[in-house]
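For clarity, every value in this text was computed on a predicted model and none was experimentally measured. Atoms considered below: every heavy atom in the structure, side chains included; atoms not considered: hydrogens, waters and symmetry mates. Each residue takes its place number in the sequence, starting with 1.
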Amino acid sequence: MASVSPPTATTQPALPTGLAVFKTVPYAFILPEIICGTWVWILVAATSVYFPLLQGWVMYVSLTSCIISLLLLLGYIFGFHKNSENWKVLDSLYHGATAILYMSAAVLQANAAIRSELVSTLYYQLNCAASFFAFLTTFLYILHAFSIYYQ
């Protein structure tokens, strides 16, 4: 008679704490998200905002996302999550929603860059750089959301 082994429960990987956050794949994206997002709002703030409706949304999304991502990073570093599964769901939902908001902000910033071409060469270059970093940050948020979802 063949022996039947009891089913083994799959264990979820532990959420990182401390400096291990920077070595774990989905969580290592948080610091580049913060840095690139900071560049977006610094570059937009450096321009004379000619299109307040467009660039106001970009500033709101980038600044709010930087602050919330920084709080999330600090939560991971100090271990506030206590290895809870709800923390992973929160992380995935936050990064998914932020990726959508950042995509809308990146498209609006690209529109502002195109419209500022006639205004000033310096502002055009700053707006183009802000558009680049906005799309890069969007990509980082998408990578983070999918990698935490598929983990």
| task | Could you tell me whether the side chain of Tyr102 reaches within less than 4.5 Å of the side chain of Leu140, counting heavy atoms only? | result | no
Handout entry: Working for side chain to side chain contact (heavy atoms under 4.5 Å, CB included), residues Ile30 and Phe22
Key = CA-CA 8 Å; Ile30 296 177; Phe22 301 112; over 6 Å; no
d(Leu70 CG, Ile34 CD1) to nearest 0.5 Å is 5.0 Å
dist Thr137:OG1 -> Phe29:CZ (nearest 0.5 Å) comes out at 13.0 Å
- prompt: For Leu54 and Val58, what are the C-alpha separation, side-chain angles and deciding distance, and is it a side chain to side chain contact (heavy atoms under 4.5 Å, CB included)?
  reply: CA-CA 7 Å; Leu54 300 177; Val58 175; 5.8 Å; no
So CD of Glu33 and CG of Leu143: to nearest 0.5 Å the spacing works out to 9.0 Å
Smallest heavy-atom separation, Cys36 atom then Leu136 atom, equals SG-CD2, 3.5 Å
message = When you group the ILVMFWY residues by side-chain heavy-atom contacts below 4.5 Å and let the links chain together, are Leu93 and Ile100 in the same group?
response = no
- Query: How far apart are the C-alpha atoms of Tyr27 and Leu15, what are their side-chain angles, what is the distance that settles it, and do they pass the side chain to side chain contact (heavy atoms under 4.5 Å, CB included) test?
  - Reply: CA-CA 9 Å; Tyr27 310 104; Leu15 293 173; 2.9 Å; yes
Given 3.5 Å as the limit, does a donor-acceptor pair link the side chain of Ser116 with the main chain of Ala113, or not? yes
Keeping Ser131 on the side-chain end and Gln109 on the backbone end, is there a donor-acceptor pair under 3.5 Å?
yes
Check your understanding: So, do Pro26 and Phe146 sit near enough that their side-chain heavy atoms are less than 4.5 Å apart?
Key -> no
Of all heavy-atom pairs linking Gln55 and Thr47, the shortest is NE2-OG1, 4.0 Å
Please tell me whether Phe132 and Ile35 are part of a single hydrophobic cluster in this structure, the criterion being side-chain heavy atoms less than 4.5 Å apart. yes
CD1 (Ile114) and CZ (Phe51) are apart, to the nearest 0.5 Å, by 10.5 Å
Give a yes or no on whether Val40 and Phe135 share a hydrophobic cluster (residues Ile, Leu, Val, Met, Phe, Trp, Tyr; joining criterion: side-chain heavy atoms under 4.5 Å apart). no
Rounding to 0.5 Å, atoms SG (Cys66) and CG (Leu73) come to a distance of 12.0 Å
To the nearest 0.5 Å, atom OG1 of Thr64 lies from atom CE of Met59 at 10.0 Å
Practice prompt. Would you kindly confirm whether Val49 and Leu53 end up in one hydrophobic cluster when ILVMFWY residues are joined by side chain heavy atoms under 4.5 Å apart?
Written response: no
Enclosure of Phe139 CZ (heavy-atom neighbours >12, cutoff 6.0 Å): no
Check: Does Thr138 use its side chain to pair, donor to acceptor, with the backbone of Ala134 at less than 3.5 Å?
Finding: yes
Residues 65-82 vs side chain to side chain donor-acceptor pair (under 3.5 Å), sequence neighbours excluded, gives Ser69-Tyr94, Ser69-Tyr141, Tyr76-Trp87, Tyr76-Asp91
Sorted by chain and number, sequence neighbours left out, side-chain contact (heavy atoms from CB on, under 4.5 Å) with Tyr50 holds for Ser48, Val119, Tyr123
Classify the side-chain pair Glu117/Asn127 by whether it contains a donor and acceptor separated by less than 3.5 Å.
no
Sorted by chain and residue number, the side-chain contact (heavy atoms from CB on, under 4.5 Å) partners of Ser104 (sequence neighbours excluded) come out as Trp57
For Val44 and Ala130 the tightest heavy-atom approach is CG2-CB, 3.8 Å
Looking only at heavy atoms, the pair that brings Leu72 and His95 closest together is CD2-CE1, 3.4 Å
So, the side chain of Ser147 versus the backbone of His144: is there a donor-acceptor pair under 3.5 Å, distance only?
-> yes
Verify side chain to side chain contact (heavy atoms under 4.5 Å, CB included) between Val107 and Asn111, making sure each step is shown before the conclusion. CA-CA 6 Å; Val107 169; Asn111 186 9; 5.8 Å; no
ILVMFWY cluster, Leu43 and Leu122 together (side-chain gap under 4.5 Å)
yes
